[in-house]
**Q** 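Here it is: the structure, laid out below.
Start at 1 and go down the list; that is how both ligands and their atoms are numbered. Values below: every heavy atom of this structure, side chains too, minus hydrogens, waters and symmetry copies. Everything quoted here is computed from the prediction, not taken from an experiment.
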Amino acid sequence: MRARLEETGYLVDDGLAVACFLALRLHRPIFCEGDAGVGKTALASALAEALGAPLIRLQCHEGIDASQALYDWDFPRQLLHLRAAEAAGVKDAERLESELYDRRFLVARPLLKALETQPSVLLVDEVDRADDEFEAFLLELLSEFSVTIPELGTLRAGTPPVVVLTSNRTREVHDALKRRCLYHWFDHPGFARELAIVRRRLPGVSARLAEQVTALVQELRSQDLLKPPGVAETIDWAQALDALGVDEVDAELAVATLGSVLKYREDAERARGLDLAAVLAGRGA
Ligand SMILES: Nc1ncnc2c1ncn2[C@@H]1O[C@H](COP(=O)(O)OP(=O)(O)OP(=O)(O)O)[C@@H](O)[C@H]1O
Ligand SMILES: [Mg+2]
């Protein structure tokens, strides 16, 4: 599992490799929780690539409902069909109705698409942003991997999709939903693994620069920041410095490019007060 994910450029530790392996073996969704930018969403893409299956993504948001997540009827097309039938003099109301609720007028949203596509990886991203009602609906769907459309009947996935749920923990997701899943908490990676990720994602960036940026980010994370930087920010920062044409960074340049990595004024101010030169010196200057 680890090797297959690493082939896609996604580096996992033992805990996550085991969780992924079990998710596939037991056909259980994997529930990924952790800070922003630690690789929760990227795991789903990596799994899809490793399995050679399409990634089907459902982005959750406040007020999301079944018609956005599961299916909807294509009303304008149904209307057109009705007009055309009327113009052709079709009078049989029953026949017309059954035609209107034909599969071709059904718009499959991500959840239905995932049930119909085999194999597939279904990413239910940021489930903490949806409301309780939607969570209950999701729970039902993930228990049965089937859906009943009143006009068409029940559709069941032969092979259930591989499901990855993510949450930033802006609120607690219900235990009932979590119970269906294998849970994995995403910590920020340690220095060695984060450096490996940066090197892997940005092969063109100098080894020295990658190492320095990783050391700086690790130091920033140890501060009590409003928003600790994720791996995404480490990659962004290294990329930004590389774009400036440097192979290594000093404290002055680090401060000048802090906007790549810290997104709160208070955090940036705090970073400016740190002895970044010492952090850089500590890392094999
Ligand atoms: N273990 C990893 N291996 C390789 N790349 C990683 C890893 N973890 C994170 N990344 C990189 O970090 C970036 C951010 O990851 P991702 O968007 O998946 O974070 P997230 O946890 O979903 O964040 P958010 O909560 O903000 O959505 C991705 O572009 C990915 O390339
Ligand atoms: Mg994400």
Side-chain angles (χ1 to χ4, degrees), residues 1-21 23 29-51 55-62 64 69 110 121-130 138 162-173 181-205 207 209-211 213-214 216-218 220-221 225-243 260-264 267:
M1 191 76 243
R2 182 211 285 269
R4 284 174 75 179
L5 286 170
E6 288 195 359
E7 265 168 41
T8 76
Y10 191 85
L11 309 187
V12 292
D13 55 18
D14 286 349
L16 185 53
V18 170
C20 290
F21 179 83
I30 172 162
F31 190 95
C32 307
E33 203 164 53
D35 285 350
V38 288
K40 304 182 297 295
T41 303
L43 171 67
S45 333
L47 273 174
E49 200 185 325
L51 298 170
L55 175 69
I56 299 171
R57 176 174 184 164
L58 175 67
Q59 172 66 52
C60 297
H61 54 81
E62 215 181 307
I64 190 172
V121 174
L122 170 65
L123 166 64
V124 182
D125 215 5
E126 306 187 346
V127 68
D128 51 330
R129 293 205 199 181
L138 209 54
V162 175
V163 183
V164 178
L165 297 117
T166 82
S167 162
N168 279 45
R169 214 179 186 189
T170 54
R171 69 175 178 84
E172 287 298 332
V173 169
C181 307
L182 295 163
Y183 178 84
H184 189 78
W185 172 261
F186 282 63
D187 263 325
H188 291 289
F191 177 81
R193 201 158 68 85
E194 182 155 34
L195 178 59
I197 293 171
V198 175
R199 297 282 285 146
R200 186 65 203 255
R201 294 281 170 184
L202 302 173
V205 166
L209 184 59
E211 204 171 290
V213 168
T214 307
L216 286 171
V217 171
Q218 295 269 331
L220 290 175
R221 266 188 217 130
L225 298 180
L226 292 174
K227 160 80 180 67
V231 181
E233 282 76 18
T234 318
I235 294 173
D236 281 351
W237 203 6
Q239 210 163 21
L241 288 162
D242 185 57
S260 292
V261 68
L262 298 178
K263 310 296 165 94
Y264 283 89
D267 287 351

**Q** Indicate the atoms forming the closest heavy-atom contact of Leu11 with Ile197, along with that distance.
**A** CD1-N, 3.6 Å
**Q** Does ligand 1 have any atom that is closer than 4.0 Å to a heavy atom of Glu126?
**A**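 Per 4.0 Å heavy-atom rule, Glu126 contacts ligand 1.
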**Q** Which heavy-atom pair separates Leu165 from Pro29 by the least distance, and what is that distance?
**A**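 Looks like CD1-CB, 3.7 Å.
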**Q** Can you confirm whether something in the protein, heavy atoms only, sits under 4.0 Å from atom 27 (O) of ligand 1?
**A**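 Yes, there is one.
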**Q** Are any N, O or S atoms from Thr41 nearer to the Mg ion (ligand 2) than 2.8 Å?
**A**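 A backbone or side-chain N, O or S atom of Thr41 is under 2.8 Å from the Mg ion (ligand 2).
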**Q** Should you measure from each heavy atom of Gly9, which atoms of ligand 1 turn up under 4.0 Å away?
**A** 3 (N), 4 (C)
**Q** I'd like to know if Asp14 and Arg2 make a salt bridge, using a cut-off of under 4.0 Å between side-chain N and carboxylate O.
**A**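 Salt bridge present between Asp14 and Arg2.
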**Q** So, Arg221 and Glu194, do they make that salt bridge, N to O below 4.0 Å?
**A** yes
**Q** With a cut-off of 4.0 Å, which atoms of ligand 1 are near a heavy atom of Ile197?
**A**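 Contacts of ligand 1 toward Ile197, numbered from 1: 1 (N), 2 (C), 3 (N), 4 (C), 5 (N), 6 (C), 7 (C).
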**Q** Is the contact between Arg200 and ligand 1 made by the side chain, the backbone, both, or neither, using heavy atoms and a 4.0 Å cut-off?
**A** neither
**Q** Tell me, do His188 and Asp35 make a side-chain contact under 4.5 Å, heavy atoms counted?
**A** yes
**Q** Answer with side chain, backbone, both or neither: which part of Ile235 has a heavy atom less than 4.0 angstrom from an atom of ligand 1?
**A** side chain
**Q** So which heavy atom in the protein is nearest atom 19 (O) of ligand 1, and how far is it from that ligand atom?
**A** Gly39 N, 3.1 Å
**Q** Does Glu7 pair with Arg4 as a salt bridge, N-O distance under 4.0 Å?
**A**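 Judged by the 4.0 Å cut-off on N to carboxylate O distance, Glu7 and Arg4 do not form a salt bridge.
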**Q** So Val121 and Leu51, do their side chains get closer than 4.5 Å, heavy atoms only?
**A** yes
**Q** Return the residue, atom name and 0.1 Å-rounded distance of the protein heavy atom closest to atom 24 (P) of ligand 1.
**A**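 For atom 24 (P) of ligand 1, the nearest protein heavy atom comes out as Gly37 N, 3.6 Å.
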**Q** Below 4.0 angstrom, N of the basic side chain to O of the carboxylate: do Asp125 and Arg57 qualify?
**A**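 Here Asp125 pairs with Arg57 in a salt bridge, since their nearest N and O are under 4.0 Å apart.
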**Q** For Gly39 and Phe186, which heavy atoms make the closest approach, and how far apart are they?
**A**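 Scanning both residues completely, I find the closest heavy atoms to be O-CE2, 3.7 Å.
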**Q** Taking all atoms of both residues into account, what is the closest heavy-atom pair of Val127 and Ser167, and its distance?
**A** CG1-CB, 4.2 Å
**Q** Which protein non-hydrogen atom lies closest to atom 21 (O) of ligand 1, naming both residue and atom, and how far is it?
**A** Lys40 NZ, 2.7 Å
**Q** Ala42 to ligand 1: N or O pair under 3.5 Å?
**A**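 In this structure, Ala42 places an N or O atom under 3.5 Å from an N or O of ligand 1.
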**Q** For Thr41, counting its heavy atoms only, list the atoms of ligand 1 lying under 4.0 Å from any of them.
**A** 18 (O), 20 (P), 22 (O), 27 (O)
**Q** Looking at Asn168, which atoms of ligand 1 are within less than 4.0 Å of one of its heavy atoms?
**A**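 Every atom of ligand 1 under 4.0 Å from some heavy atom of Asn168: 25 (O).
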**Q** Going by atom types alone, do Ser260 and Asp236 pair a side-chain donor with an acceptor below 3.5 Å?
**A** no
**Q** When you measure from atom 14 (C) of ligand 1 to every protein heavy atom, which one gives the shortest distance, and what is it?
**A**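 Of the protein heavy atoms, Ala232 CB, 3.4 Å lies nearest.
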**Q** Starting from atom 10 (N) of ligand 1, which protein heavy atom do you reach first, and at what distance in Å?
**A**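 For atom 10 (N) of ligand 1, the nearest protein heavy atom comes out as Val231 CG1, 3.9 Å.
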**Q** With atoms numbered from 1 as shown, which atoms in ligand 1 lie under 4.0 angstrom from a non-hydrogen atom of Arg201?
**A** 4 (C), 5 (N), 31 (O)
**Q** Identify which of Asp128, Val198, Leu11 has a heavy atom lying nearest to atom 1 (N) of ligand 1.
**A** Leu11
